[in-house]
Amino acid sequence: MAALRGEMSWFCCGTAWGPCGTAGGGACGTCKSGNYQHAWPNTSDACFSITRPDSCGVSMSRRGCGFRHYTTNLCTGARVGTTIADCGPQTDLFCGETSCCGSACGSNRIIDLTPAAFSAIASLSNGLRPCSVDIV
Amino acid sequence: MIDTIAALQPPVLGAVLIWSARVKLFSRHAAAAAHRSALTRLIGQRRALPAYRLLGGVELTLGALLLLPPALRLEAAAATFLALGFLAYLTYARRAAPTSSCGCLSARQTPVSGRSLARAALLVTGAGLAWLIPGDWPGTLTARPLAGGVLLLVEAAAVVALSPELDAAWLLPLRRLRARLTHPLRGGSGLPLLATLQQVQLSDTYRRVAPLLRSDVREHWDDGDWRFVGHAALYQGRAVTAVFATPLADRDPDTVRVALVDDTTGHTLLALAGTPKPAGPQLDVVPA
Amino acid sequence: MPHTLDRRRLLATAALGGVVGATGLGSLAPEAAFAAEAPAVEPGAPDPNFVEGRISKISGHLLLVTGSDTVLHSIRITSGTSIWKLHPTTFDQVAIGDGLYARGVRLPDGTLAADSVWVNIVNLHAHITSVGRNVLHLDHQGRRIVAHVVPGRSAAVYNGTPAVSDLSLLRVGRHVQVLGAWHPDTNEISIATVYAAA
């Protein structure tokens with residue numbers, strides 16, 4: 001599979017403080033903010049019917065809980081390996097949105113990382129970064 | 001009066017049930033609504049859509065029977081049990097799957113709220129009244145058209161007001177209108193720090209030093225026509241400060257400059273500019 | 001304060017001075033830099049260099065943090081640590097009861113020497129249910145969040161365009177992503193950035 005380019009953000013899950021406290025363990029029941037995990041928009045029929053990446057013209061393979069993806073921050077080249085723990089992001093709500101670093105751009109939201117994983121390759125205060133997602 | 005109220009419940013209940021069935025049977029978003037609902041948690045993902053459709057069929061049948069005379073007591077009894085079922089389901093959904101959608105009167109994603117529960121309770125009350133005090137609603141409406149019409153309107157308004165999924169049709173436009181008239185968010189001005197960071201991150205200068213950065217923004221300040229942003233960084237094993245400079249009046253990423261300054265000695269170890277001679281404004285600084 | 005001013009003048013002078021040592025940067029292609037220090041954390045596993053929790057005690061430059069899983073952590077704040085609390089700020093703004101995420105390097109004694117600390121940071125996806133004077137009312141997974149606009153701090157990004165201070169283009173009923181700082185033990189936040197689709 002060629003690397004998929006898009007935008008990444010972060011989300012909290014598991015037991016947590018603040019508004020995150022209601023997030024729970026995610027669709028897979030295993031999600032924790034401190035783990036290297038991520039949300040993927042096509043984990044099941046139910047998930048896909050909510051996130052609808054196809055409505056933005058993005059084709060994303062069906063992958064289940066625990067599947068490994070490797071996400072690269074296009075701003076720095078930093079890369080992190082994570083496993084699927086939740087359904088998301090809701091790609092269709094931001095169709096066509098683009099983030100860039102220099103000439104490296106990513107369009108459409110394709111992955112949400114846990115705070116631990118996102119902060120390993122970007123700053124949490126940057127809510128959105130261009131990225132590429134790979135399986136190796 | 002209570003007889004009139006009870007007699008006019010079947011058309012209200014019928015209309016609500018048919019509206020609800022319309023979403024479950026004929027909406028092209030029915031599958032998504034079913035999957036977002038707590039049904040997936042209650043009976044499993046595979047059975048959620050068939051159950052959702054089946055419920056729609058029951059609602060349509062019962063709704064039509066309630067609307068069409070004669071008003072039978074059995075219909076009101078069935079509506080009472082169905083409304084009780086809704087109330088129980090919504091209570092379960094709110095407790096067991098608080099992030100799930102109601103899937104009630106609209107395919108729009110709407111978490112189960114206190115208003116949804118109040119609406120279900122209103123339907124239970126209405127159906128219970130119709131069951132306990134059966135009446136002939138066309139006859140009642142003909143005999144007391146004004147009072148009957150007002151009662152129907154009030155009850156319909158109550159159902160709409162207690163339906164979060166219908167907010168988009170009336171409440172949000174009203175709030176939009178208020179915002180358009182009062183401009184409550186107007187007045188933001190100045191260059192936000194994020195705009196500067198976006199400019200920095202779009203620059204080739206940033207791309208070249210980004211792997212060295214160890215921290216988020218540690219400090220930032222404006223001086224003259226420039227804005228400065230400092231990060232902690234590591235360069236050749238030394239703790240340094242990476243300070244980016246951007247002209248406040250020029251958003252071109254090529255104008256971004258950076259220097260790596262040794263935290264211990266204060267020596268500039270590295271300085272880069274996007275272009276050989278940036279056209280940005282000058283800061284009156286004394287060379288170190 | 002004079003020290004801060006002197007330091008900033010030094011940094012400003014360095015940034016606006018001539019190009020220094022640029023040729024030495026050839027080896028710093030991002031891929032090369034990160035290949036050398038690939039993270040050892042297994043996908044799916046917890047990261048020992050990351051801490052999440054709420055501050056239960058502040059002692060000197062040491063934060064005692066109770067993780068949401070009730071594990072206790074010590075975090076050391078150094079002169080190189082960045083602290084975010086709605087915006088980049090200083091250690092004296094951190095308070096007991098604040099929530100945080102921190103990233104750094106785990107020292108042999110188990111303390112985390114923090115590179116970055118994000119205090120009370122939240123990243124919410126929500127719908128705008130109404131707007132008031134410098135306030136957004138949000139529906140976040142069925143729960144109400146009151147999001148305050150902080151003049152001079154809050155910014156909006158409309159469909160990926162450059163950030164602006166003007167939030168007046170936000171519309172009731174629209175979906176937004178809000179990055180902000182939580183007010184501990186309330187349902188209120190201060191807005192750092194609102195991302196809105198056009």
Side-chain angles (χ1 to χ4, degrees), chain A residues 7 10-11 13 19-29 31 39 42-52 54-55 64-65 72-79 86-88 90 92-93 98-106 115 118-131, chain B residues 27-41 44-49 52 94-101 103 107-109 111 192-194 196-218 220 229 231-233 253-254 256 274:
Chain A
E7 294 176 304
W10 61 271
F11 74 115
C13 58
C20 288
T22 56
C28 303
C31 194
N42 191 4
T43 58
S44 66
D45 281 342
C47 171
F48 189 77
S49 67
I50 296 167
T51 60
R52 296 309 300 267
D54 58 318
S55 62
C65 295
T72 303
N73 178 351
L74 294 181
C75 299
T76 62
R79 180 176 138 104
D86 202 356
C87 167
Q90 214 171 327
D92 63 339
L93 291 175
T98 299
S99 297
C100 294
C101 266
S103 58
C105 295
F118 191 91
S119 65
I121 59 172
S123 288
L124 293 179
S125 60
N126 252 315
L128 209 55
R129 297 280 74 199
C131 71
Chain B
S27 168
R28 60 196 174 91
H29 303 298
H35 288 138
R36 279 196 293 249
S37 75
L39 281 175
T40 53
R41 173 103 178 218
Q45 187 183 318
R46 207 161 44 84
R47 286 192 285 252
L49 183 58
Y52 194 63
R94 190 154 187 203
R95 291 175 67 92
T99 58
S100 67
S101 180
R108 181 184 294 269
Q109 183 163 9
L193 175 63
L194 181 61
T196 303
L197 297 179
Q198 287 174 326
Q199 181 182 0
V200 166
Q201 286 161 0
L202 282 171
S203 69
D204 182 55
T205 312
Y206 174 81
R207 293 259 298 157
R208 294 179 72 186
V209 301
L212 306 174
L213 305 182
R214 308 300 297 180
S215 77
D216 198 350
V217 175
R218 204 173 59 187
H220 64 100
V229 177
H231 294 257
D254 284 342
V256 174

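These values consider heavy atoms only, across backbone and side chains, with no hydrogens, waters or symmetry-generated copies.
Formation of a donor-acceptor pair under 3.5 Å by the B/R207 side chain with backbone atoms of A/L74 is found in this model.
At a threshold of 4.5 Å between non-hydrogen side-chain atoms, the residues A/N126 and B/L194 count as touching. You'll find the side chain of A/S125 stays beyond 4.5 Å of the side chain of B/V217, heavy atoms only. Put simply, the side chain of A/I50 does not reach to within 4.5 Å of the side chain of B/H35, judged on heavy atoms.
Using a 4.5 Å cut-off between heavy atoms, A/R129 touches chain B through its side chain atoms alone. Residue contact with chain A, scored on non-hydrogen atoms closer than 4.5 Å, is absent for B/L49. At a 4.5 Å heavy-atom cutoff, the contact between B/Q201 and chain A is made by backbone and side-chain atoms alike.
Separation of atoms SG (A/C101) and CD (B/Q198) is listed at 10.0 Å; rounding is to 0.5 Å.
Counting all heavy atoms, side chain and backbone alike, B/A210 lies closest to A/C75 at CB-O, 4.0 Å.
Partners of B/D204 by side-chain contact (heavy atoms from CB on, under 4.5 Å), not counting sequence neighbours, listed by chain and number: B/R208.
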